[in-house]
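The first residue of the sequence shown is numbered 1, and numbering continues consecutively from there. Note that this is a predicted model, so its numbers are computed, not measured.
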Amino acid sequence: APAAHPPSGADVDPPEVQVGERLFLETRFAQYFAAHGAGTNVPLAAGDPAMEALPTSDGPLPGPFAGLSMNCRNCHLVDDTAGAPTRTYADYSRQSLVPSRADGQERTPRNSPSLVNANLARPVPFLLHFDGEFASLDDLVRGTLTGRNFGWLPGEAPQAIAQIARVIREDDGSDANAQGFGGVPYRTLLTGTDPSIPAELVLPAEYRLDAASADDAAIFAAVARLISAYTVSLAFANASPYDAFLAKNGLPAAPDPGESDLAYSRRLRAAVEALADPVFVGPGDGEFSEHDQEFVFGPDELKGMKIFFREPLPQTLAGDPRYLSPRTGNCIACHAAPNFTDFSFHNTGVAQEEFDAAEGDGAFAALFVPDLGERAAHPDAFLPATAAHPAGSGVFRRPPLDLGVWNVYGNPDFPAPQAALAGILGPLSAQTLRDSIARFKTPGLRDLGQSGPYLHTGRKRDLEEVLELYAASSAKQRAGGLRNGADELSGMFLGEGDIDPLAAFLRALNEDYN
């Protein structure tokens, strides 16, 4: 991935970040524009219906790109929607709308994840998306621009690449998006040498390209590289009430060199437990402009933090009821500080909860899932559609039935992530494939207030609902009622009085992002 840059919102973003943002906002790369446009620089007579509104749990919002066609930003919003809360490059929907095509698909299979902090360094192999489909940011950008979100069907990647190259070559800088970035045509910007380019938009040599002589593949690669540079720049400032509490109490804010996040979290827990007179954070220490809450970290938040960081006693895990660990979140097993994710894959019961809600209790436990041999012998019957298998049913990758990483792990149509998946899940075998059922990548927990609704299903509107689901899943796991459930759930012991302080702690991880 490109080198990291200052967070978005710094006084002046590097040229590649600014140009990447313009490409991120570009609506003419979509299949709808290719099919319905009268020319690269001619506005659409009628926009893609998928862009007219943004569905939410409380009814539709006006689409910020109504009258246009799809772009990256429509699913990864910030402050684009008047009167609606700011997003951390997520949207407001359970599943985002996609352009209508002959396959009948109208929405994405999963909730749109936040892009902020997506490129953090991690102790496990780099993978993106809830199911680990992409092994690099560049792969994700390429897959999105040529995929179903932009209206392209499996097998239409060559047409998508040709459309992107056409826009880059023919753009004259007259559209509204270009005017927000100096109005310089793309082909001019990419040269990096034309005297008409404003100084703040002169691209470094590694991002330059002569679009007039470059082939479609080279232009596509340049576009993906620039969008990746922009996405890398999206990072949290760690300016939450939680971070202020650490600073006011002299607590360590990050791991020491060579220290794992889990070891750091345990060291931080010990330091917090040792605080005889904690200094709390109040409105005098800061304020929110993007969140409807006070800037506080008080006794409730501290209580929730202790529950979050507390791990079960070994005797509890051994089944001895005399050592029951009350108020134990065991959350750091998967959400260790300071980034609050282990970047790995776990089954926390979310897929089972969605399927059972639709089909009845016990339906997920009784569900037939093909083994490795049968899945390989009949990919169209079980696996998602791809260019190699355009008739793939995707039966295990659409609501209300989603098996997560099972759809990608060991699937030869997704070669790029296989080495990384094997590094996390183990070498592919019949057993490890079974163990991958309903596992999804662990999200980060910073600034959750700007990324709801929650979970890959988008079924939970507030944090309390999420925590109640985890409390129920942990009880099911201990009772043997969660199919392929994460072992970490067995160490979670939450009572009714634990939900509110845990939610207070999670809200203390909010910060203003704009």
Side-chain angles (χ1 to χ4, degrees), residues 124 260-270 272-274 303-337 340-342 344-357 361-367 369 403-406 424-426 429-442 445 455 464-503 505-506:
V124 297
S260 71
D261 285 357
L262 182 57
Y264 158 69
S265 296
R266 289 168 172 164
R267 177 164 61 91
L268 176 59
R269 179 182 65 206
V272 169
E273 294 288 356
K303 179 180 178 182
M305 180 181 180
K306 290 180 177 180
I307 297 170
F308 186 97
F309 279 73
R310 187 169 296 136
E311 296 176 283
L313 297 170
Q315 297 94 327
T316 303
L317 294 179
D320 191 329
R322 295 175 299 172
Y323 295 94
L324 184 65
S325 301
R327 292 183 175 174
T328 299
N330 199 31
C331 305
I332 61 172
C334 304
H335 294 282
F340 297 97
T341 172
D342 62 1
S344 190
F345 297 84
H346 304 278
N347 174 8
T348 56
V350 178
Q352 181 165 326
E353 189 260 355
E354 181 179 38
F355 192 67
D356 282 0
D361 287 346
F364 193 80
L367 177 71
V369 178
L403 298 189
V405 72
W406 182 93
I424 295 174
L425 304 177
S429 68
Q431 184 60 51
T432 57
L433 182 65
R434 283 192 295 272
D435 291 343
S436 74
I437 289 174
R439 291 176 67 170
F440 293 83
K441 193 157 72 68
T442 311
L445 300 182
L455 310 177
E464 286 81 0
E465 289 182 339
V466 176
L467 294 167
E468 287 165 359
L469 171 63
Y470 283 140
S473 289
S474 64
K476 284 184 179 179
Q477 175 69 3
R478 284 190 293 274
L482 195 63
R483 181 172 182 174
N484 195 45
D487 291 338
E488 292 84 356
L489 287 171
S490 297
M492 177 181 285
F493 297 88
L494 299 178
E496 290 183 4
D498 300 329
I499 301 300
D500 287 345
L502 268 173
F505 169 68
L506 292 174

Test side-chain contact (heavy atoms from CB on, under 4.5 Å) on Glu354 and Leu455; report intermediate values, then the result. CA-CA 11 Å; Glu354 181 179 38; Leu455 310 177; over 6 Å; no
Quick check against the 3.5 Å criterion: does Ser473 have a side-chain atom that pairs as donor or acceptor with the backbone of Thr348? yes
In Å, rounded to the nearest 0.5 Å, how long is the span from CG of Leu506 to CD of Glu464? 9.0 Å
d(Thr432 OG1, Leu425 CG) to nearest 0.5 Å is 7.5 Å
Of all heavy-atom pairs between Asn330 and Pro312, which one has the smallest distance, and what is that distance? OD1-CD, 3.4 Å
Does Arg439 reach the main-chain N or O of Phe345 with its side chain, forming a donor-acceptor pair under 3.5 Å? yes
OG (Ser265) and NE2 (His335) are apart, to the nearest 0.5 Å, by 11.5 Å
Backbone N or O of Asp342 within a donor-acceptor pair of the Asp261 side chain at under 3.5 Å? no
So how far is it from Arg269 CZ to Lys306 NZ, rounded to the nearest 0.5 Å? 12.0 Å
Hey, mind stepping through Val369 and Arg483 against side-chain contact (heavy atoms from CB on, under 4.5 Å) and telling me if it holds? CA-CA 12 Å; Val369 178; Arg483 181 172 182 174; 3.5 Å; yes
May I have the step-by-step check of side-chain contact (heavy atoms from CB on, under 4.5 Å) for Phe364 and Leu482, ending in yes or no? CA-CA 9 Å; Phe364 193 80; Leu482 195 63; over 6 Å; no
Got a second to check how far Phe505's CZ is from Asp500's CG, nearest 0.5 Å? 15.5 Å
Specify the closest pair of heavy atoms between Leu467 and Ala503, including all atoms of both residues, with the distance to one decimal. CD1-N, 3.6 Å
Side-chain (Thr341) to main-chain (Thr442) donor-acceptor, under 3.5 angstrom: yes
A side-chain contact here means heavy atoms from C-beta on lying under 4.5 Å apart; do Met305 and Leu268 qualify? yes
Where Thr328 and Glu311 come nearest, the two heavy atoms and their spacing: CG2-C, 3.6 Å
dist Asp498:CG -> Arg327:CZ (nearest 0.5 Å) comes out at 5.5 Å
Enumerate, atom names and distances included, each donor-acceptor pair closer than 3.5 Å involving a side-chain atom of residues 484-497, sequence neighbours excluded.
unit_1: Asn484; atom_1: ND2; unit_2: Asp435; atom_2: O; d: 2.9
unit_1: Asn484; atom_1: ND2; unit_2: Ile437; atom_2: O; d: 2.7

Treating Thr316 as the side-chain partner and Pro314 as the backbone partner, does any N or O pair qualify as donor plus acceptor under 3.5 Å? no
Nearest atoms (heavy-atom pairs only) where Pro326 meets Arg310: O-NH1, 3.9 Å
Which heavy atom of Gly304 sits nearest to which heavy atom of Leu502, and what is that distance? O-CD2, 3.5 Å
Residue pair Phe309, Val272: steps toward the side-chain contact (heavy atoms from CB on, under 4.5 Å) verdict: CA-CA 10 Å; Phe309 279 73; Val272 169; over 6 Å; no
Measure across Ala438 and Phe440 and return the closest heavy-atom pair with its distance rounded to 0.1 Å. O-CD1, 3.3 Å
